[in-house]
Amino acid sequence: MDPSNATWVIIAVCLAYLLVILCVGLWSGRGVSRSVAGYVAADRSMHGVLLYFVIGAAVYSSFAFLGAPGWAYSRGAAAFYVLAFSAIGVIPLYFLGPRARRLGERHGFITQAEMLGWRFDSRLLQGLLALVSVAVFVPYLTLQMKGAGLILETLSDGIIPLWVGAFLTYGVVVTYVWVSGVMGVGWTNAVMGVLMMSTAWFLGLYFPITLYGGVGPMFEQLAASGRETMLTAPGLDVLGRPWNWWEFSSWILVSAAGFSCWPHIFMKCFAAPSDRHLRLTVVMYPTFQFMMVPLLFVGFAAVLAYPGVTPADSIVPFMLTQAGLPVFVVGLAAVGVLAASMSTGDTLLHAAASIGIRDGLQALGLRPQRDATERWLMRLTVLGIAAVSYYFAISSQVSIVALLAGAYGGVAQLLPPLLAAFYWPRAGGPAVVCGLVGGIAANTFFLLNPDLRPLPLHEGIYGLVVNASLLVLLSLMANPARRAASTHHQ
Amino acid sequence: MALSRHRVLRLVAAVLLCGAVLAFVWPLHALASHFHPLFLGVPFSLAWIVIGQVTVFLGLLLMFLGED
């Protein structure tokens with residue numbers, strides 16, 4: 001098959017995939033009510049299989065297919081931190097999730113900010129969380145759009161430019177999120193999750209076997225080439241020197257602390273029909289994350305076969321376009337990357353609109369009286385946030401990756417308030433707000449001034465220390481009347 | 001007072017989960033950070049992480065089975 005025919009086959013595969021996803025997304029919203037609870041929390045009836053895929057596919061974005069192999073390619077075992085933090089990051093959700101779900105069922109909560117705002121009697125906290133969530137989601141969503149546009153542009157030999165690719169993929173996403181809400185997200189993520197796992201395992205075994213004769217021989221040849229250092233933790237830093245245990249360990253802990261706290265992940269607890277369903281979903285979740293292992297194999301396979309590719313994140317597109325692979329392998333990889341981008345993007349879009357309207361307007365005292373009005377406002381916000389993110393994806397030169405890197409440490413700052421909400425009745429609203437602001441400020445300060453860190457730890461650790469200290473000290477200092485007010489919710 | 005079956009399961013689960021967290025970071029992780037022996041073809045350092053993932057899965061499963 002000549003190259004032009006191969007390109008058209010790849011384009012046809014991608015378009016067919018988008019059509020299937022659109023049909024699944026439009027079909028899936030029929031079983032829930034046309035209320036806000038139906039649109040945002042699936043009437044609290046989302047069963048375990050859908051929850052499993054919603055949470056799993058939402059976590060693994062286009063970074064899983066592009067960034068993680070790039071890390072393995074350039075930094076070796078440093079990429080193991082991704083496996084480690086996602087394994088332990090889910091543990092808090094097992095304990096916090098069912099408690100949040102019960103509160104949601106009792107009081108009608110559909111977002112994390114709404115629950116925390118109620119628990120701590122603080123509209124300021126609710127508004128602050130809404131603002132931070134939307135501010136973090138937009139660059140995250142922009143990154144997903146760019147990833148989808150770039151992979152289509154690269155694999156179509158420029159026939160589908162980035163702006164058309166991003167428009168096509170996210171046109172599909174906006175349509176099914178608009179029509180079907182969280183059920184659209186759920187069912188499409190189930191399809192995309194299966195595609196992602198299949199693609200990851202296929203590529204992760206295909207490259208080592210075709211290039212080296214197997215996974216074992218690949219690692220043996222890597223070690224024989226004098227690269228043993230990059231095959232053992234903590235791997236290499238960005239300059240290719242041995243990384244240190246301080247940063248490796250603290251990156252794992254901060255990322256794990258933030259994992260369960262992401263608002264778009266946490267709010268799915270409100271969609272679970274029972275504690276048992278939610279707990280079972282969390283128990284099964286590690287089976288989803290095993291797909292990251294073969295994706296790291298892809299990066300390791302490229303070290304000897306394709307040396308010197310920069311930037312490292314482009315190693316997967318490079319392998320797909322330059323290595324003379326069979327067209328079905330390229331088509332499968334394209335669908336896998338699109339699925340990873342879209343399955344995160346749809347959850348972000350849906351969560352940003354839900355949180356922005358429910359929490360943003362409630363904090364301002366402007367929440368609509370009619371349920372239907374609120375639902376329409378959420379849908380319009382889906383469109384607005386998608387438009388803003390699309391604008392940044394096709395025109396902005398701002399370093400979104402840099403913005404996002406800071407966001408992870410920031411999201412980890414939500415863990416102390418969540419723990420305090422459920423396990424420390426004495427914690428008060430003003431203390432939580434001060435802790436959160438202090439934690440985010442410390443995180444941002446050390447992110448911008450890494451040389452001022454006393455120890456080479458992830459900046460999120462410093463944020464967590466400031467955050468937890470302020471929360472505890474100010475709660476202990478609060479007057480008894482305020483403490484009584486803050487504990488009556490328990 | 002004898003521990004009930006549920007409490008024993010939850011206790012074992014807590015030990016497994018705490019152990020997995022500690023195993024991923026320094027200093028425990030440093031003890032296992034070697035290329036040899038290869039485990040199912042992968043370096044022992046990577047196998048250590050995968051074993052940790054399996055431990056978390058087992059820990060959560062036992063915690064689930066130990067719920068009243």
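Heavy-atom basis, side chains included; hydrogens, waters and symmetry copies ignored.
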Against chain B, label A:T229 side chain, backbone, both or neither, depending on which of its atoms sit under 4.5 Å from a heavy atom there. neither

With only heavy atoms counted, which part of A:I252 is less than 4.5 Å from chain B, the side chain, the backbone, both or neither? side chain

Relative to chain A, which segment of B:I49 carries a heavy atom at a distance below 4.5 Å: side chain, backbone, both, or neither? side chain

Side chain of A:Y73, backbone of A:L296: donor and acceptor closer than 3.5 Å? no

Using non-hydrogen atoms and a 4.5 Å limit, figure out which bit of A:V215 sits close to chain B: side chain, backbone, both or neither. both

Using heavy-atom distances under 4.5 Å, tell me whether A:F248 contacts chain B through its side chain, its backbone, both, or neither. side chain

Relative to chain B, which segment of A:F297 carries a heavy atom at a distance below 4.5 Å: side chain, backbone, both, or neither? side chain

Do the ring planes of A:W71 and A:W243 sit parallel (below 30°), tilted (30 to 60°) or perpendicular (above 60°)? perpendicular

Highest number of heavy-atom pairs under 4.5 Å with chain B: which of A:R279, A:E220, A:R276? A:R279

Under 4.0 Å between a Lys/Arg side-chain N and an Asp/Glu carboxylate O for A:R101 and A:D275? yes

Is there a side chain to side chain donor-acceptor pair (under 3.5 Å) between A:Y423 and A:R99 once you walk through the steps? CA-CA 10 Å; A:Y423 295 105; A:R99 287 171 168 79; 3.2 Å; yes

Counting only non-hydrogen atoms closer than 4.5 Å, does B:L46 touch chain A with its backbone (N, CA, C, O), its side chain (CB onward), both, or neither? both

Quick one: what part of A:L222 sits under 4.5 Å from any heavy atom of chain B, side chain, backbone, both or neither? neither

Examine whether an atom of B:H29 lies under 4.5 Å from a heavy atom of chain A, and if so say whether it belongs to the side chain, the backbone or both; otherwise answer neither. both

Keeping B:T55 on the side-chain end and B:A20 on the backbone end, is there a donor-acceptor pair under 3.5 Å? no

Between A:F219 and A:F300, is the ring centre distance below 6.0 Å? yes

Using the rule ring pair (Phe, Tyr, Trp, His ring centres under 6.0 Å), only one of A:F85, A:Y81, A:W246 pairs with A:W251; which is it? A:Y81

